[in-house]
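Have a look at the structure that comes next, please.
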Amino acid sequence: MRIIKLNAETKKDLLNSLLKRSPEHYGQYEGTVAEIIAKVREEKDKAVFAYTEKFDKCRINTQNFRVTREEIEEAYGKIDKELVRVMRKSAENIRAFHEKQLHNSWMDLKEDGSMLGQKITPIGISGVYVPGGKAAYPSSVLMNVIPAKVAGVGKIIMATPPDAEGKIYEGTLAAADIAGVDEIYKMGGAQAIAAMAFGTESVPKVDKITGPGNIFVALAKKACFGHVSIDSIAGPSEILVIADGTANPRYVAADLLSQAEHDEMASAILITTDGKLAEEVSRQAERFAEELSRKEIIRQSLENYGYILVADSMEDAVEAANEIASEHLEILTANPYEVMAKIKNAGAIFLGEYSSEPLGDYFAGPNHILPTNGTAKFFSPLNVDDFLKKTSIISYSKEALEAVHKEIEKFAESEGLTAHANSIKVRFE
């Protein structure tokens with residue numbers, strides 16, 4: 001891994017480089033995506049079936065479009081029973097964490113007869129997109145579906161592309177069943193997003209779409225936003241490690257590569273105050289890269305977006321981390337809690353040498369669907385609130401309104417909205 005000195009210039013160059021990974025920079029595909037969406041809106045099931053045959057080499061029709069209970073049971077028969085047990089335990093942890101995020105509706109009744117409140121209601125139908133093939137991640141199924149279930153969403157449907165034989169990866173089906181998905185459809189790509197956003201003869205229109213996908217899926221979600229809510233336009237995976245001289249270089253290197261293996265656009269960054277640690281982490285990363293199964297992807301990822309930054313002080317390291325606003329942030333220092341208190345921007349923070357990033361990906365409970373490409377400065381991890389609507393409640397008695405009606409009329413008249421003012425005034429003429 002390249003080792004560079006952290007200063008204002010190198011930090012600026014790094015930030016500019018990282019932003020190039022954003023899906024916002026792939027506008028050349030927007031025309032293709034818009035064409036697919038328009039076709040699905042017009043021809044519905046027919047278009048989805050045609051695109052599935054074109055892109056996934058699989059013939060789908062109304063008879064085999066929706067996954068059956070028999071197919072789910074068949075998947076359970078193929079999957080490792082121990083893996084099913086682990087997924088169930090992971091689901092319990094995810095559910096327990098997200099249940100703590102629930103809020104209740106509330107009402108505030110005052111002595112003057114006014115009442116203000118907030119009514120919390122789950123969305124009606126949620127759609128989750130799950131990639132297929134080598135990008136199939138059952139853990140993401142659990143992370144997308146369980147918060148929606150905890151929120152009380154009425155129906156959850158899932159879209160995932162089939163293989164050429166019309167089969168869905170067994171791990172995906174088992175995870176969907178464990179999480180509580182109601183309907184699963186064999187469709188992928190931009191056509192699946194369009195089908196869920198606008199509805200077809202077979203697929204119900206959803207209120208929100210969550211889940212990762214390739215650039216066509218990301219751009220389709222962006223194009224459909226407004227017709228339907230989405231979680232985010234997610235960029236490639238990223239990890240940032242803040243470490244001092246007390247960190248174990250072998251652990252640091254292993255954790256950096258845990259994200260570099262996702263794809264060639266993934267980012268893995270170490271910021272350290274110790275030059276010797278920087279050199280040893282670089283050596284360890286090279287050794288690991290030779291041993292791991294996805295070594296070609298890892299090498300390309302590190303060449304593109306792998307950095308070791310040597311900072312003059314921990315204050316400089318923290319400042320850079322807040323500017324980068326990484327999806328995953330590990331703190332491997334003598335006092336990680338002290339450093340954590342200074343962090344303002346990160347999707348998820350992992351403290352100490354036994355809290356490596358994959359713990360969050362698979363098992364701990366907090367959601368692993370996190371803001372990327374610096375959006376942790378203003379976005380949060382996927383959570384229960386993403387599947388809830390908050391409605392304001394207002395009720396005033398005559399006495400309560402009479403006490404303030406002239407003030408409201410004055411405010412409305414100052415904006416030139418005399419009908420607003422009149423709506424209040426007529427009640428006291």
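When reading the values below, keep in mind they use all heavy atoms of this one structure, side chains included, and skip hydrogens, waters and symmetry mates.
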query = Taking Asp316 for the side chain and Asn7 for the main chain, is one N or O donor matched with an acceptor at less than 3.5 Å?
reply = no
* Taking atom types as modelled and ignoring hydrogens, do the side chains of Thr121 and Lys119 form a donor-acceptor contact shorter than 3.5 angstrom? -> yes
Does any part of the side chain of Ile157, heavy atoms only, come nearer than 4.5 Å to the side chain of Asp182, both counted from C-beta? no
For this session: Give a yes or no answer on whether the side chain of Asp255 reaches the backbone of Ser258 with a donor-acceptor pair at less than 3.5 Å.
Result: no
Separation between CD1 (Ile120) and NE2 (His103), nearest 0.5 Å, reads 6.5 Å
One should read off an interatomic distance between Asp56 CG and Gln191 CD, to the nearest 0.5 angstrom, of 6.5 Å
Exercise for review: Tell me, yes or no, whether the heavy-atom count around Lys12 atom NZ, taken from other residues, nucleotides or ligands under 6.0 Å, exceeds 12.
Suggested key: no
N-O pairing of Glu99 and Arg95 below 4.0 Å: no
Does the pair Lys78 and Glu74 meet the rule for a salt bridge (charged side-chain N to carboxylate O under 4.0 Å, His left out), with working shown? CA-CA 7 Å; Lys78 294 179 179 179; Glu74 180 184 345; 3.3 Å; yes
Heavy-atom closest pair (Val426 atom, Ser423 atom, distance to 0.1 Å) is CG2-O, 3.6 Å
Residues at least two apart in sequence or cross-chain that pass side chain to side chain donor-acceptor pair (under 3.5 Å) with Tyr307, listed by chain then number, are Ser17
Shortest non-hydrogen pair, Ala376 vs Gly347, comes out as CB-N, 3.7 Å
Around atom NZ of Lys205, are there more than 12 heavy atoms from other residues, nucleotides or ligands closer than 6.0 Å? yes
d(Phe379 CZ, Ile233 CD1) to nearest 0.5 Å is 9.0 Å
Salt bridge or not for Glu296 and Arg299, using N-O below 4.0 Å? yes
Within a 6.0 Å radius of atom CD on Glu111, are there more than 12 heavy atoms belonging to other residues, nucleotides or ligands? no
Atom OH of residue position Tyr337 - does it have more than 12 heavy atoms of other residues, nucleotides or ligands inside 6.0 Å?
no
| query | Do side-chain atoms of Asn367 reach the backbone of Met143 as a donor and acceptor pair under 3.5 angstrom? | reply | yes
**Prompt:** How about Ile37 and Phe198: do any of their side-chain heavy atoms sit closer than 4.5 Å?
**Reply:** yes
- Taking Thr10 for its side chain and Lys5 for its backbone only, find out whether a donor-acceptor pair lies under 3.5 Å. yes
Heavy atoms from other residues, nucleotides or ligands near NZ of Lys54 exceed 12 (cutoff 6.0 Å): no
| said: Looking at Glu238, is its backbone amide N or carbonyl O close enough to the side chain of His328 to form a donor-acceptor pair, meaning the two atoms are under 3.5 Å apart? | reply: yes
**Report entry** Heavy-atom donor-acceptor pair, His405 side chain to Leu401 backbone, under 3.5 Å
**Finding:** no
Please check: side-chain N/O of Ser237 versus main-chain N/O of Gln259, any donor-acceptor pairing under 3.5 Å? no
With no hydrogens and no angle check, do the side chains of Thr333 and Asp244 hold a donor and an acceptor under 3.5 Å apart? no
Taking every heavy atom of Asp45 against every heavy atom of Ser202, the minimum-distance pair comes out as OD2-OG, 2.5 Å
I'd like to know if Lys208 pairs up with Asp231 as an ion pair, taking the criterion as any Lys NZ or Arg NE/NH1/NH2 lying under 4.0 Å from an Asp or Glu carboxylate oxygen.
no
More than 12 heavy atoms of other residues, nucleotides or ligands under 6.0 Å from OH of Tyr76: yes or no? yes
For His368 and Ser139, the nearest pair of non-hydrogen atoms, with its separation, is CE1-OG, 3.3 Å
Interatomic distance, CD@Glu357 vs CG@Leu257, rounded to 0.5 Å, equals 12.0 Å
More than 12 foreign heavy atoms under 6.0 Å from CD of Glu9: is that the case here? no
Between Thr52 (side chain only) and Val48 (backbone N and O only), is there a donor and an acceptor less than 3.5 Å apart? yes
* Report, as yes or no, whether the 6.0 Å neighbourhood of atom NZ on Lys377 holds more than 12 heavy atoms from other residues, nucleotides or ligands. => yes
OH of Tyr396 to CD1 of Ile408, rounded to nearest 0.5 Å, is 7.0 Å
| query | Which word best sums up how the rings of Phe49 and Phe65 line up, parallel for under 30°, tilted for 30 to 60°, or perpendicular for over 60°? | reply | perpendicular
| message | When you compare the side chain of Val252 with that of Leu270, does any pair of heavy atoms fall below 4.5 Å? | response | yes
Original post:
For Lys155 and Asp207, what are the C-alpha separation, side-chain angles and deciding distance, and is it a salt bridge (charged side-chain N to carboxylate O under 4.0 Å, His left out)?
Top reply: CA-CA 10 Å; Lys155 178 186 282 189; Asp207 301 306; over 6 Å; no
Please check: side-chain N/O of Arg2 versus main-chain N/O of Glu303, any donor-acceptor pairing under 3.5 Å?
yes
When rounded to the nearest 0.5 Å, the distance separating CD of Glu327 from CG of Asn373 is 9.0 Å
Looking only at heavy atoms, the pair that brings Ala176 and Ile184 closest together is CB-CD1, 3.8 Å
Nearest heavy-atom approach of Asn383 to Pro381 is ND2-O, 2.8 Å
Lys39 and Glu43: salt bridge (charged side-chain N to carboxylate O under 4.0 Å, His left out), yes or no, with the steps?
CA-CA 6 Å; Lys39 196 79 167 176; Glu43 299 184 2; 3.3 Å; yes
Answer yes if the side chains of Tyr137 and Asp361 hold a donor-acceptor pair under 3.5 Å, and no otherwise.
no
Next item on the list: Answer yes or no: is there a donor N or O on one side and an acceptor on the other, between the side chain of Ser397 and the main chain of Asp112, under 3.5 Å?
Entry: yes
